[in-house]
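In what follows, a single structure is set out as structure tokens and then discussed.
Note on naming: letters A, B, ... go to the chains in the order of the sequence lines (proteins, then strands), and numbering restarts at 1 for each one.
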Amino acid sequence: MGLRVYNTLTKRKEEFIPLQPGKVRFYVCGITVYDFCHIGHARSAIVFDVIYRYLLHLGYEVTYVRNFTDIDDKIIRRANELGADYRAVAERFIAAFHEDMDALDILRPNAEPLATDHISTMIEIIEKLMAKGIAYQSGADVYFEVERFNGYGKLSGRSLEEMVAGARVEVDVNKRNPLDFVLWKGSKPGEPVWDSPWGPGRPGWHIECSAMGRCYLGETFDIHGGGKDLIFPHHENEIAQSEAAFEVPFVRYWLHNGFVNINNQKMSKSLGNFFIIRDFLKEVHSEALRLFVLSKHYRSPVDFTDENVAEAERGVEKLYGTLAVIKERAPVTTDIQVADPALQKQDPELYDLMLALPEAFKDAMDNDFNTALAIGHCFTLQRRLQRFLDQFGQKRLKGASAILAQRAAATLQEYSKVLGLLTRDPEVFFEEQRKLKIHSTGMTEEEVSRLIELRHQARLEKNFAESDRIRNELEKKRILLEDTPQGTRWRVGASTES
RNA sequence: GGCGGCAUACCCAAGUGGCAAGGGAGCGGUCUGCAAAACCGUUAUUCACCGGUUCAAGUCCGGUUGCCGCCUCCA
């Protein structure tokens, strides 16, 4: 069975059949560029990055578009605060966004269009809606009349009557129905302004995605993603605009990721309990964050606590630890050909697990991107591989055993990479991890190296009292030593304060 | 008030009707000058609770309780 995805529109898992065989047209709502991104954005970015990677892994030719909202009230407000042009604000936070995404190993989409580069397309769509009598001008604004669109509410699963009854909607004298939403708003003095058939103004928020989706992916496309919060009103309104204008289905599969909680509390700016990505990555490695996010299904809420994040850090260290052992004790040997039965004889269980991983991985991911299960399979192979390696003690592996170990490690890494995990050489990872963690200990790498050298001398003289004293001294700073045949390694232990 | 989701071991977590994945932590062991890492063993006759359907239910249906999200800018 092939890929099945949970479609918010139909509220069930469906077989994924792209419009055009072998090709996927994929749109994700990007950010409004007025501030730094927080870990909620990071979750969304990681989730859709993995979906993108998996579609590529399946062999699809994917056209992946993620927009920037570069004109809106918040950007204008921020520009006024800074005494800058709105474009300068947008540019600054687009640059910051790219830095953050690169730090998270997020693959770039094929296109990252700006809303302000597509004003003319937006105007065309609004004109269509005006011509059909679905949009109306009121004062300087143009609104979409929700009652004129039959399917309004089909994505978020509510009816117009219910929503009006709920009536937490601000009453606006300009609107025929309080749920009508703005397509074009007249600019106030001093605001950025574009010409339009309805006078000078700027676009409403929702219309940009209809326009850019249309421009880059066509009138109907396969996947539209975003955070759960965008279901209503943003995506509901996108559907209304696009389907009213073009009279074809807008999107086939709607995918929405769950939210981030901090210590079981909703992350929000008003509570002040949010972390921006760049600060978070000063403490935690990006692959640990990625493992953490992917350990839970993308539609569920995920709870950030120090303990949960620390668990993910240990998990990544464990996976890389095995890869490091392979590099040390089973170095690449290209000159020997070993038949598969000989490999299997080395360790049938490991051999079978290795061969079973591709299918197990696919089964998990095909089921609405069950990354948690896929990761579970990776850990199972890692543990079995490590067990195999341990049978040799500190000895190097040779011949068939080395080849089996390498192949198992290569399989593990190949599939982890589809999740954006284990993308580095193990030495690189551990070096990055040490650099990241050393700051919080108050030590420098040089100081640690010096103490390790002193301890090494003491150990050579069998002065174990002194060597243990040094170990304890470092341990108080959370620096833990590991003696190996290749020398003493160090790492920074988990922080004890919460 | 309306709509939707969730409840699995000490913690995180997967589980699409057929003996409850995986990770972390703890405990015992192997290894080690001592450690750490790693490995081995161990930790849910049971899936919030009550009924029902079924040969069979964590999984389906109904109800109860508890938690959460959306309905307003928000990933």
Side-chain angles (χ1 to χ4, degrees), chain A residues 1 4 8 11-13 28-32 34 37-48 72-74 153 156-159 161-170 179 205 225-234 236 256-261 264-269 291-292 295-297 299-303 305 307-315 317-319 321-322 324-325 360 363-364 367-368 370-380 382-383 386-391 393-394 459 462-465 467-468 471-472 475 480-484 488-491 493:
Chain A
M1 198 184 279
R4 291 185 309 135
T8 307
K11 294 176 180 55
R12 57 172 163 251
K13 281 185 207 168
V28 174
C29 279
I31 57 158
T32 302
Y34 75 105
C37 289
H38 51 65
I39 51 179
H41 297 108
R43 183 187 192 193
S44 188
I46 290 168
V47 161
F48 287 108
D72 106 312
D73 290 345
K74 294 189 291 296
S156 50
R158 45 192 111 197
S159 67
E161 302 77 66
E162 284 166 1
M163 286 189 273
V164 175
R168 271 214 272 160
V169 191
E170 229 176 287
L179 290 164
W205 173 35
K228 266 193 158 75
D229 54 330
L230 296 180
I231 294 171
F232 190 90
H234 186 50
E236 193 70 63
H256 292 99
N257 68 276
F259 266 32
V260 165
N261 292 334
N264 227 353
Q265 204 175 29
K266 187 193 167 177
M267 182 176 78
S268 81
K269 295 209 166 183
L291 177 65
F292 173 67
S295 297
K296 191 144 184 182
H297 192 269
R299 282 187 281 114
S300 309
V302 69
D303 188 26
T305 65
E307 194 191 339
N308 292 352
V309 172
E311 249 179 48
E313 291 185 291
R314 284 189 287 269
E317 285 174 358
K318 189 164 182 149
L319 293 170
T322 297
V325 172
D363 283 348
N367 186 8
D368 196 30
N370 191 338
T371 51
L373 183 57
I375 287 167
H377 294 320
C378 290
F379 271 105
T380 305
Q382 175 273 332
R383 180 180 286 275
Q386 182 67 52
R387 191 191 299 179
F388 177 69
L389 294 168
D390 280 8
Q391 288 166 9
Q394 298 296 343
R459 290 181 75 210
K462 301 242 186 279
N463 183 353
F464 293 122
S467 78
D468 286 348
R471 177 196 287 289
N472 289 334
E475 208 169 295
L480 309 175
L481 302 184
E482 297 174 18
D483 296 326
T484 77
T488 299
R489 281 199 296 241
W490 61 274
R491 65 193 176 88

* B/G51 and B/C67: how far apart are their P atoms, nearest whole angstrom? -> 24 Å
* **Minimal non-hydrogen separation, A/K13 against A/R299, with atom names** => CE-NH2, 4.3 Å
* Asked: How far apart are the C-alpha atoms of A/T8 and A/K228, what are their side-chain angles, what is the distance that settles it, and do they pass the side chain to side chain contact (heavy atoms under 4.5 Å, CB included) test?
  -> CA-CA 9 Å; A/T8 307; A/K228 266 193 158 75; over 6 Å; no
* **CD on A/Q394 to OG1 on A/T484, rounded to 0.5 Å** => 7.5 Å
* Select from A/F48 and A/G376 the residue whose nearest nucleotide in RNA chain B is closer to the 5' end of that strand. => A/G376
* Have a look at A/V28 and say if it touches a base, only the backbone sugar-phosphate, or nothing, with a 4.0 Å heavy-atom cut-off. => nothing
* B/S/- contact track for nucleotides 33-38 of chain B, protein heavy atom under 4.0 Å -> BBBBSS
* Over all atoms of both residues, closest heavy-atom pair of A/G493 and A/L480 -> CA-CD1, 3.9 Å
* Using the C1' atom in both, what is the distance from B/U32 to B/A75, to the nearest Å? -> 48 Å
* Structure fact -> Closest non-hydrogen contact found for A/S156 with A/F232 is OG-CD1, 3.4 Å
* To do: Determine the Euclidean distance between corresponding P atoms of B/C50 and B/U43; express it in Å to zero decimal places.
  => 26 Å
* Are the ring of A/F379 and the base ring of B/G23 both nearer than 5.5 Å at their centres and tilted by less than 30°? -> no
* When you compare B/C6 with B/C60, how far apart are their P atoms, in angstrom units rounded to a whole number? -> 9 Å
* Touch class at under 4.0 angstrom, heavy-atom based, for A/H38 against every strand present -> base
* Structure fact -> Of B/A13, B/C73, B/C71, the nucleotide closest to the side chain of A/W205 is B/C73
* Answer yes or no: are there more than 12 heavy-atom neighbours, outside A/K462 itself, under 6.0 Å from its atom NZ? => no
* Which atom of A/M267 lies closest to which atom of A/G40, heavy atoms considered -> CE-N, 3.6 Å
* Asked: What interatomic distance, in whole Å, is found between P of B/G29 and the corresponding atom of B/C68?
  -> 43 Å
* **Short side-chain N/O contact to B/G15 OP1/OP2 from A/N370, under 4.0 Å** => yes
* Asked: When you compare B/U46 with B/G58, how far apart are their P atoms, in angstrom units rounded to a whole number?
  -> 11 Å
* Asked: Taking all non-hydrogen atoms of both residues, which atom of A/R459 and which atom of A/S467 are closest, and how far apart?
  -> CG-CB, 3.5 Å
* **Stem list, RNA chain B (Watson-Crick or G-U pairing under 3.5 Å, at least 3 consecutive pairs)** => B:1-7 with B:65-71, B:10-12 with B:22-24, B:25-30 with B:38-43, B:48-52 with B:60-64
* Of all the heavy-atom pairs spanning A/D303 and A/F292, show the shortest one and how long it is. => O-CZ, 3.3 Å
* Asked: Hey, does A/G226 reach any base, or is it just sugar-phosphate, or nothing, if we go heavy atoms under 4.0 Å?
  -> sugar-phosphate
* Asked: With a non-hydrogen cut-off below 4.0 angstrom, is A/I375 in contact with a base, only sugar-phosphate, or nothing?
  -> nothing
* Quantified in whole Å, what is the C1' atom distance between nucleotide B/G63 and nucleotide B/U53? -> 15 Å
* Looking at every strand, decide which applies to A/N308 at a 4.0 Å heavy-atom threshold: base, sugar-phosphate, or nothing. => sugar-phosphate
* Structure fact -> Closest to the 5' end of RNA chain B, once A/D229 and A/K296 are matched to their nearest nucleotides, is A/K296
* **Heavy-atom side-chain proximity of A/R471 to A/T488 below 4.5 angstrom** => no
Name the pairs: protein N/O against N/O of nucleotides 3-9 of chain B, kept only if under 3.5 Å.
| from | atom 1 | to | atom 2 | distance (Å) |
| --- | --- | --- | --- | --- |
| B/C3 | O2' | A/G157 | O | 3.3 |

* When you measure from the side chain of A/H234 to the backbone N and O of A/W205, does any donor-acceptor pair fall under 3.5 Å? -> no
* To do: Considering only atom C1', compute the distance from B/A14 to B/G23 and round it to an integer number of Å.
  => 11 Å
* To do: Decide yes or no on side chain to side chain contact (heavy atoms under 4.5 Å, CB included) for A/R4 and A/N367, but give the supporting numbers first.
  => CA-CA 5 Å; A/R4 291 185 309 135; A/N367 186 8; 3.7 Å; yes
